[in-house]
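These notes concern the structure reproduced below.
Residues take their numbers from the sequence shown, with the count starting at 1. All heavy atoms count here, side chains included; hydrogens, waters and symmetry mates do not.
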Amino acid sequence: MNKSFLVGNLTRDPEVTTTGTGITVCKFGIAVNRNFVNAAGEREADFFNIVAWRGLGDNCGKYLTKGSKVAISGSIRTRTYEKEGQKHYVTEIEADDVEFLTRTGMGERTENTGQFPGAGEPPVRRPASAPAAALKPIDDDGLPF
């Protein structure tokens with residue numbers, strides 16, 4: 001089984017391209033913080049390259065920006081290529097699902113700021129539910145389950 005789950009922040013804006021056959025591919029990097037600090041008291045991070053295809057790639061390119069928090073599930077892919085006689089190895093996460101975790105409000109990024117409407121606004125406060133003492137007991141003998 002080859003499955004990875006990562007939660008992190010984009011290290012750069014997504015790069016969206018199209019293959020020769022018209023398929024969308026979106027590439028971006030994420031940084032995932034480690035759960036501990038090193039000997040110097042600093043928190044370290046691991047960096048991963050992400051590839052998203054087709055509609056998922058379209059959405060990532062449209063709604064994500066550098067710094068966005070995402071949860072990704074996908075498969076680890078390795079490939080090699082040769083350039084100027086030198087063999088290069090690449091390890092990437094091919095995304096099956098990308099969950100956008102940054103609160104963005106509704107709609108797309110605005111062109112002049114690259115921000116989403118509602119970003120940076122305080123959260124909406126909902127009224128507290130009724131206290132438990134105010135709730136009335138029900139007769140559960142009539143419930144079908």
Side-chain angles (χ1 to χ4, degrees), residues 1-135 138 140 143-145:
M1 179 186 299
N2 181 355
K3 198 69 168 172
S4 297
F5 298 93
L6 302 167
V7 176
N9 296 81
L10 269 69
T11 58
R12 61 183 186 271
D13 285 334
E15 301 169 17
V16 180
T17 57
T18 306
T19 66
T21 58
I23 297 172
T24 301
V25 60
C26 179
K27 295 181 179 186
F28 56 93
I30 66 168
V32 178
N33 287 328
R34 294 186 178 177
N35 290 333
F36 56 88
V37 294
N38 63 19
E42 299 167 341
R43 184 170 297 273
E44 295 181 1
D46 294 302
F47 298 87
F48 299 93
N49 292 316
I50 311 297
V51 179
W53 294 89
R54 298 180 173 79
L56 180 60
D58 286 331
N59 286 335
C60 288
K62 190 174 184 181
Y63 294 108
L64 295 177
T65 58
K66 180 180 178 178
S68 298
K69 187 175 218 57
V70 292
I72 295 173
S73 66
S75 304
I76 299 172
R77 300 280 188 239
T78 58
R79 59 185 173 88
T80 60
Y81 66 94
E82 202 165 309
K83 184 176 181 181
E84 299 174 5
Q86 189 93 14
K87 195 169 192 175
H88 296 270
Y89 298 87
V90 178
T91 301
E92 302 168 318
I93 306 297
E94 187 174 305
D96 296 324
D97 188 35
V98 177
E99 187 85 21
F100 304 159
L101 300 178
T102 301
R103 183 175 176 264
T104 60
M106 304 289 279
E108 300 178 21
R109 291 179 279 184
T110 57
E111 288 187 30
N112 56 350
T113 65
Q115 295 294 312
F116 292 88
E121 294 176 7
V124 176
R125 299 280 180 205
R126 301 186 194 282
S129 56
L135 299 176
I138 61 167
D140 59 356
L143 295 176
F145 50 89

Nearest heavy atoms of [X] and [Y], plus distance in Å:
X: F28; Y: R12; answer: C-NH2, 3.4 Å
X: A71; Y: V7; answer: CB-CG2, 3.9 Å
X: I93; Y: I72; answer: CG2-CG2, 4.3 Å
X: N59; Y: F100; answer: O-CZ, 3.8 Å
X: G57; Y: C26; answer: O-CB, 3.4 Å
X: N2; Y: I76; answer: ND2-O, 2.8 Å

Close side-chain approach of [X] and [Y], heavy atoms under 4.5 Å:
X: E42; Y: V37; answer: no
X: V70; Y: L64; answer: yes
X: T18; Y: I23; answer: no
X: E82; Y: H88; answer: no
X: F47; Y: T11; answer: yes
X: W53; Y: T24; answer: no
X: L10; Y: I30; answer: yes

Q: Any salt bridge (charged side-chain N to carboxylate O under 4.0 Å, His left out) involving residues 45-60? Give me the pairs, sequence neighbours left out, ordered by first then second residue.
A: R34-D46
Q: Working to the nearest 0.5 Å, report the span between NZ of K66 and CG of D13.
A: 8.0 Å
(Q) Rounded at 0.5 Å granularity, tell me how far SG in C60 sits from CD in E15. (A) 13.0 Å
(Q) Under the rule for salt bridge (charged side-chain N to carboxylate O under 4.0 Å, His left out), what residues qualify as partners of K3, not counting sequence neighbours? (A) D96
Q: Apply salt bridge (charged side-chain N to carboxylate O under 4.0 Å, His left out) to the pair E94 and R77, showing each step before the final yes or no.
A: CA-CA 7 Å; E94 187 174 305; R77 300 280 188 239; 3.3 Å; yes
Q | Donor-acceptor side-chain pairing of N49 and E92 below 3.5 angstrom | A | no
Q. Between the main-chain N or O of S73 and the side-chain N or O of D97, is there a donor-acceptor pair closer than 3.5 Å?
A. no
Q. Got a sec, which residues hit side chain to side chain donor-acceptor pair (under 3.5 Å) with T21, two or more places apart in sequence or on another chain?
A. T19
Q.
Run the side-chain contact (heavy atoms from CB on, under 4.5 Å) test on V90 and T78 for me, step by step, so that the C-alpha distance in whole Å, both residues' side-chain angles and the decisive distance to 0.1 Å come before the verdict.
A. CA-CA 6 Å; V90 178; T78 58; over 6 Å; no
